[in-house]
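The sequence lines fix the lettering, A, B, ..., with proteins before strands; numbering per chain opens at 1. Just so it is clear, the model here is predicted, and its values are computed rather than measured.
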2 protein chains.
Amino acid sequence: MRNPEHPDTGDIVLTKVLSALADPLRLGLVCLLADGRERQWGELDAPVSKSTLSHHLKTLRGAGVTRTREEGTRCYVHLRADDLESRFPGLLGALMSAAPDDATPVTLKRP
Amino acid sequence: MRNPEHPDTGDIVLTKVLSALADPLRLGLVCLLADGRERQWGELDAPVSKSTLSHHLKTLRGAGVTRTREEGTRCYVHLRADDLESRFPGLLGALMSAAPDDATPVTLKRP
DNA sequence: TTCGATGTTCGGCGAACATCGAACAAGTTA
DNA sequence: TAACTTGTTCGATGTTCGCCGAACATCGAA
């Protein structure tokens, strides 16, 4: 992730957001991040390989759903809740209240 | 459409709805239907072939977004707004307020 | 400087998808 | 009955997607 590409808030495209959230695993990631806390890659316990997880996080990032911050070799990710709320008012809340049923559960590795 | 398959309201899956709505053309169809009126297929003016339109409408139907009714050789389609609202409160409204920017415009033939 | 940890990118695979034209099925109408 | 209208289904084609392992790049620590 040499150049983490994050779309500006105004450039977030609805269909891309929907595509990003249409995958159960990515929806699970968003559910986990919905508490607003920033997480490090390594904390995330998802049932896919490292490279696949990287791809999914890239997809979320490219759609404007999450924002990634680098610190040394580590990456931290958090939900762009405020940006999404201002671009698509009410959408995130509506999704989160129904999402847990369909999302692939993503948890945190033991502290 | 020998057997129009419509999922029960309780069986509507969020990720399928999001997938269905992640396509600009299908989003455009939903925008057109958002006024709650029932439309006949022939009324829909979309920039794709007949068979492709049929496929898209089948996708929406299968996801539980629309409901199709047959009458003779004609088919009428309408948005399952109430069902979606009860299953995912607020979702449709949040989508519709931002959708027109990204959706492929679908209009009605000769008004 | 060498090693280990952390992510990214690449190549490849099978599955799913979007699209079209053509053929088909089922009613309506002449 | 024959012709027309309406929508579905069937191949075929090219694209995208999700997934993996392997190779690579980068940084911090020993």
Protein-nucleotide distance ([X], atom [atom1]; [N], atom [atom2]), rounded to Å:
{"X": "A/Leu25", "N": "D/dC17", "atom1": "CG", "atom2": "C1'", "answer": "14 Å"}
{"X": "A/Leu44", "N": "C/dA5", "atom1": "CG", "atom2": "P", "answer": "19 Å"}
{"X": "A/Leu53", "N": "C/dT9", "atom1": "CG", "atom2": "P", "answer": "14 Å"}
{"X": "B/Glu70", "N": "C/dA25", "atom1": "CD", "atom2": "P", "answer": "16 Å"}
{"X": "A/Glu71", "N": "D/dG28", "atom1": "CD", "atom2": "P", "answer": "10 Å"}
{"X": "A/Lys58", "N": "D/dG18", "atom1": "NZ", "atom2": "P", "answer": "13 Å"}

I want to verify a distance call: between [options], whose nearest atom is closest to the [X] side chain?
{"X": "A/His56", "options": "C/dG7, D/dC19, C/dC20", "answer": "D/dC19"}
{"X": "A/Ser49", "options": "C/dC20, D/dT6, D/dG21", "answer": "D/dG21"}
{"X": "A/Trp41", "options": "D/dG18, C/dA18, C/dT8", "answer": "C/dT8"}
{"X": "A/Ser51", "options": "C/dA22, D/dG18, D/dA22", "answer": "D/dA22"}
{"X": "A/Val48", "options": "C/dT9, C/dC20, D/dC19", "answer": "D/dC19"}
{"X": "B/Thr52", "options": "C/dA18, D/dC19, C/dC20", "answer": "C/dC20"}
{"X": "A/Lys50", "options": "C/dG7, D/dG7, D/dT9", "answer": "C/dG7"}

inquiry  = I'd like to know if B/Thr73 reaches the base of D/dG7 with its side chain such that a donor and an acceptor end up less than 3.5 angstrom apart.
reply    = no
key: Short side-chain N/O contact to D/dG28 OP1/OP2 from A/Arg74, under 4.0 Å   = no
message = OP1 or OP2 of D/dG7 versus the side-chain N and O atoms of B/Ser54: is any pair under 4.0 Å?
response = no
key: side chain to side chain contact (heavy atoms under 4.5 Å, CB included) partner of A/Leu32, the single match among A/Leu108, A/Leu27, A/Val77, A/Asp45   = A/Leu108
May I ask you to decide if [Y]'s main-chain N or O and [X]'s side chain share a donor-acceptor pair within less than 3.5 Å?
{"X": "B/Arg87", "Y": "B/Leu14", "answer": "no"}
{"X": "A/Ser19", "Y": "A/Thr15", "answer": "yes"}
{"X": "A/Asp35", "Y": "A/Arg37", "answer": "yes"}

task = Find which nucleotide of DNA chain D each of A/His55 and A/Gly72 is nearest to by heavy atoms, and output the residue with the more 5' nucleotide.
result = A/His55
ask   = Which value, rounded to the nearest 0.5 Å, describes the distance between A/Thr59 atom OG1 and A/Leu25 atom CG?
value = 10.5 Å
